[in-house]
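Only one structure is covered here, and it is reproduced in the block below.
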Amino acid sequence: MSWVTWTAIYVIVWWIMLFAVLPIGVQTQADAGEQILGTAPSAPVNPRLGLKALLTSLVAAVVLGAFYYAVEVLGLSLDDIPIGPDFS
């Protein structure tokens with residue numbers, strides 16, 4: 001696969017991992033008891049988006065590395081997954 005394909009796969013994995021990482025360690029304004037006027041009680045007090053972006057990048061790199069190893073080193077492909085009937 002080309003570097004463009006690997007970059008696209010990394011971006012997709014990054015976004016999926018972001019949604020998995022976002023709820024980690026979130027404390028809502030209602031939980032903290034310090035709701036700011038005009039905001040929802042479920043709004044986070046300190047979302048720490050920079051830390052979560054870094055964590056997402058690291059986790060996505062590990063997942064992409066495992067995928068790269070499976071595809072390029074082990075030679076696995078979609079043909080190796082036994083899904084559906086065999087028409088050969």
Per the side-chain hydrogen bond (donor to acceptor under 3.5 Å, both in side chains) rule, what does the pair list look like for residues 49-73, sequence neighbours excluded?
W14-S57
Treating Ile, Leu, Val, Met, Phe, Trp and Tyr as nodes and any side-chain heavy-atom pair under 4.5 angstrom as an edge, say whether I16 and I9 lie in one connected cluster.
yes
Please lay out, stage by stage, how M17 and L55 fare under the test side-chain contact (heavy atoms from CB on, under 4.5 Å).
CA-CA 9 Å; M17 290 299 119; L55 183 61; over 6 Å; no
Is a side-chain N or O of T7 found less than 3.5 angstrom from the main chain of W3, in a donor-acceptor match?
yes
Can you find a heavy atom in the side chain of V63 that is under 4.5 Å from one in the side chain of V13?
yes
Is there a path of hydrophobic side-chain contacts, each under 4.5 Å between heavy atoms of I/L/V/M/F/W/Y residues, joining L76 to V73?
yes
Taking the side chain as every heavy atom from C-beta outward, state whether W15 and V11 have any pair of such atoms under 4.5 Å apart.
yes
Are the side chains of R48 and V26 in contact, using a 4.5 Å heavy-atom criterion?
no
hydrophobic_cluster_shared for L58 and Y10, side chain cutoff 4.5 Å:
no
Do F19 and I12 belong to the same hydrophobic cluster, where Ile, Leu, Val, Met, Phe, Trp and Tyr are linked whenever their side-chain heavy atoms lie under 4.5 Å apart, directly or via other members?
yes
Are I24 and V59 joined in one hydrophobic group, where the rule is that I, L, V, M, F, W and Y side chains link up if heavy atoms are under 4.5 Å apart?
yes
Which residue pairs pass the side-chain hydrogen bond (donor to acceptor under 3.5 Å, both in side chains) test with at least one member in residues 20-37, sequence neighbours excluded?
T28-D31, Q29-T39
Test log, rule ring-ring contact (aromatic ring centres under 6.0 Å, His included), inputs F67 and W6
CA-CA 10 Å; F67 185 68; W6 286 110; 5.7 Å; yes
